[in-house]
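For reference, the structure is listed below as structure tokens.
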Amino acid sequence: MSSVPTKKYPNAKALPSYIAPSEICVNTTGERIGEGLFAGDNFGAGELIIAAKRPMVASLDTERLIDTCANCYTWTAGESVGSRLYVKEGTKVSACGGCKRFRYCGKQCQKEAWIRGHKYECKALKPVSERELPKAVLATIELLLRKKHGLIEINWWESLCGLDSHISDFSSNGKIRGIELMAMGTADLTGGAFTKEFAAEMYARVLSNSLTLVTPTFDPLGIMMDPTLSRINHSCDPNVYIVMDGAEAAIWTLKPIERDEELYISYIDTTNPYARRQMELKERWFFTCKCSKCEKENTLFEDRWNMEPKKLPAKWKETADVMPEREILVSQLENYVGPTRDDKRVAILQGKAFSMYEDAQNKAEPVIAIKTIEDGMRLCYQSGLWPVVRQPYAAFRDDLIVNMLSVGNFQIAWSQCAKRHRFIDPILYPQEAHPIRVVHIWQMATLALYIASSPVETGHLPPAVDMVLISYHLVQESLARAEKSHGENSAFALSIKRKHTEMFEEMNLKLGPDAMKIVASRMPQQLKYLEEMGTWMVY
Ligand SMILES: C[S@@+](CC[C@H](N)C(=O)[O-])C[C@H]1O[C@@H](n2cnc3c(N)ncnc32)[C@H](O)[C@@H]1O
């Protein structure tokens, strides 16, 4: 990983981080039983700690293999608003002529992947080009083949193998048989250079140590694993974030960090209630989280309801009592609210809301997903139980925005964005330069601009609203924050900068030499409208 100042990161520190026994991975007697990544220097909030040119291995989701470059991870078909601007117009991917599985956006990317190890992988995968292989299997095959052909330095390999495979945990949870079956095929495809036991161990290591590979706007693309990045432990109150810029993975601080402090990312959605976070971490990563937030158990805002369970309106008590899935929902520990009958009713409603959320995520058709999401949001709103920031109410809204954009309903998408911007993001992501908050602002800026240029969409707005000015404000806001969330020279920040310059020039052309004075005088009223728009949606 890069540890010296470069043109892209002129302020990078010389010794930014190091691996040492973790403070959080301890057994019942307090003995440190795992490693973690620590700060090698003092850092302020919104600073780069370290950047890796690329993670050691990454593997795309099956659906992304057809539209994403397997070398630089450019998602050519990316639909999320704002994510298109940093993808060069006309970028396409073409399949490798040999294995037909991986696609590249150009000769250079294909060459880089070939040298990194695809020349061996291509030959191994060619006979099975028709077979769908899970991303973790593909990552394991790549790692084993690169090792077999001497393409991974010994110290990196040893560091990678130092990550716990959690084989015994997979034996306890009954998933070991599936792992062994997959590993048999994997060992065969690597030409018998590794035993099936070793292949199983490596596959289990990939399953339990990989992180999500994402675009700069946090759209998931697949998984990645790396001896340094995968050493970072989890906290529900993380102090760092991994931000991608193409294939580059960089660790940015969310808060000030002192030298020798342990670095923590979040493995899960930390805005979920306590019991749900604990279950997810236990199931997928085999640990009980004892981070500063989990120490406070269910006392924080993530676990707050709008009313005490006993005050739940009679209609909703009855709804919970007659719900066909009530027995299952109340037995799921992640829904636990408390021991009384009313607590259990609330647990049933909460379980139902989360199961509707998962349901909506599995719907391929946006129109059908929207129906489930709206039903879920109505449950949260009409029961009177959910504050807007409590999950899955807030997550429903995120998905509603994405799906409304897919079906071209920009009016609802915009109003929901305005609500999220005003009432939700400042609570869920309190740091001004939290990367998710910055991405949301940028997405709103591009949506506002689109609405301003479309007469049909502008039709529903009061005539005094100037969406170009609102967009300009959001572009400025995202630009200032992106320098601290993604880096001023990242493709993300550069595309915002380009848009900012373009808008600045257009305004000067239209309004003349006093353009910026005019903009400044009109802006306060437009920002009032933006705030008001946050109250347009009932739920
Ligand atoms: C990606 S690895 C992190 C590096 C790992 N600690 C090591 O020593 O290699 C994930 C594993 O680290 C441990 N871990 C991560 N965060 C933890 C936490 N907050 N509390 C306890 N264990 C944690 C768990 O064993 C988890 O499966």
Side-chain angles (χ1 to χ4, degrees), residues 1 17-39 49-50 52 55-59 135-136 139-140 143 155-173 175-176 179 200-214 222-242 244 249 251 254-255 257 260-272 274-297 300 302:
M1 293 189 75
S17 65
Y18 61 92
I19 294 171
S22 164
E23 283 164 3
I24 207 162
C25 306
V26 288
N27 63 15
T28 44
T29 59
E31 189 193 351
R32 293 186 180 193
I33 50 165
E35 290 183 316
L37 197 67
F38 288 75
I49 294 196
I50 196 169
M56 184 185 262
V57 69
S59 183
K135 57 194 169 194
T140 310
L143 279 173
N155 56 333
W156 283 117
W157 179 254
E158 281 173 0
S159 181
L160 192 76
C161 292
L163 291 163
D164 194 345
S165 66
H166 290 278
I167 278 282
S168 58
D169 292 310
F170 284 115
S171 299
S172 313
N173 74 7
K175 293 198 173 142
I176 193 70
I179 290 179
E201 194 185 316
M202 194 47 102
Y203 178 47
R205 189 169 284 122
V206 172
L207 288 176
S208 54
N209 289 281
S210 49
L211 311 167
T212 309
L213 175 74
V214 290
I223 52 167
M224 60 180 180
M225 189 162 89
D226 182 89
T228 307
L229 297 174
S230 299
R231 279 263 156 24
I232 313 178
N233 288 306
H234 163 89
S235 166
C236 299
D237 184 16
N239 52 8
V240 294
Y241 231 88
I242 297 178
M244 299 298 296
I251 305 171
L254 277 174
K255 348 174 154 181
I257 295 175
D260 300 327
E261 223 181 282
E262 183 161 359
L263 306 178
Y264 299 110
I265 51 171
S266 61
Y267 293 180
I268 54 163
D269 184 345
T270 56
T271 64
N272 272 328
Y274 168 68
R276 199 156 279 269
R277 300 200 307 271
Q278 286 285 341
M279 283 302 288
E280 208 179 334
L281 292 166
K282 188 100 201 137
E283 266 172 29
R284 168 111 206 259
W285 285 278
F286 311 109
F287 69 90
T288 302
C289 188
K290 296 202 177 74
C291 72
S292 53
K293 196 157 145 181
C294 287
E295 293 277 275
K296 298 189 182 111
E297 301 192 348
L300 303 177
E302 292 85 352

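Counting starts at 1 for both ligands and their atoms, in listed order.
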Asp269 and Thr271 side chains, donor-acceptor separation under 3.5 Å: yes
Are Leu160 and Val57 side-chain neighbours, meaning at least one heavy-atom pair lies under 4.5 Å? no
Contact with ligand 1 for Arg231, non-hydrogen, under 4.0 angstrom: yes
Report the relative orientation of the aromatic rings in Tyr267 and Phe287; use parallel for angles under 30°, tilted for 30 to 60°, perpendicular for over 60°. perpendicular
Between Phe287 and ligand 1, which residue portion shows a heavy-atom distance shorter than 4.0 Å: side chain, backbone, both, or neither? side chain
among protein heavy atoms, the one nearest atom 2 (S) of ligand 1 is Asn209 OD1, 3.1 Å
Is ligand 1 less than 4.0 angstrom away from at least one heavy atom of Ser235? no
Under 4.0 Å from one or more heavy atoms of Gly34, ligand 1 contributes atoms 8 (O)
Any atoms of ligand 1 less than 4.0 Å from a non-hydrogen atom of Glu35? List them with their elements. 4 (C), 5 (C), 6 (N), 7 (C), 8 (O)
Got a second to check how far Ile167's CD1 is from Ile176's CD1, nearest 0.5 Å? 4.0 Å
Which residue holds the protein heavy atom closest to atom 26 (C) of ligand 1, what is that atom called, and what is the gap in Å? Trp285 O, 3.5 Å
Is the Phe170 ring parallel, tilted or perpendicular to the Phe286 ring (thresholds 30°, 60°)? perpendicular
Closer than 3.5 angstrom, by distance alone: can the side chain of Arg277 be matched with the main-chain N or O of Asn272 as a donor-acceptor pair? yes
When you compare the side chain of Lys290 with that of Val26, does any pair of heavy atoms fall below 4.5 Å? no
To the nearest 0.5 Å, atom CD of Gln278 lies from atom SG of Cys236 at 7.0 Å
Cys25 heavy atoms within 4.0 Å reach ligand 1 at atoms 6 (N), 13 (C), 14 (N), 22 (N), 23 (C)
the protein heavy atom lying closest to atom 1 (C) of ligand 1 turns out to be Ser230 O, 2.9 Å
List the closest protein heavy-atom neighbour of atom 15 (C) of ligand 1: residue, atom name, distance to the nearest 0.1 Å. Asn233 OD1, 3.0 Å
Identity of the nearest option to atom 11 (C) of ligand 1, non-hydrogen atoms only, from His234, Arg32, His166: His166
Does Arg32 reach the main-chain N or O of Ala20 with its side chain, forming a donor-acceptor pair under 3.5 Å? no
Looking only at protein heavy atoms, which one is nearest to atom 10 (C) of ligand 1, and what is the separation? Tyr267 OH, 3.4 Å
Among protein heavy atoms, which lies nearest atom 9 (O) of ligand 1, and at what distance? Leu163 CD2, 3.3 Å
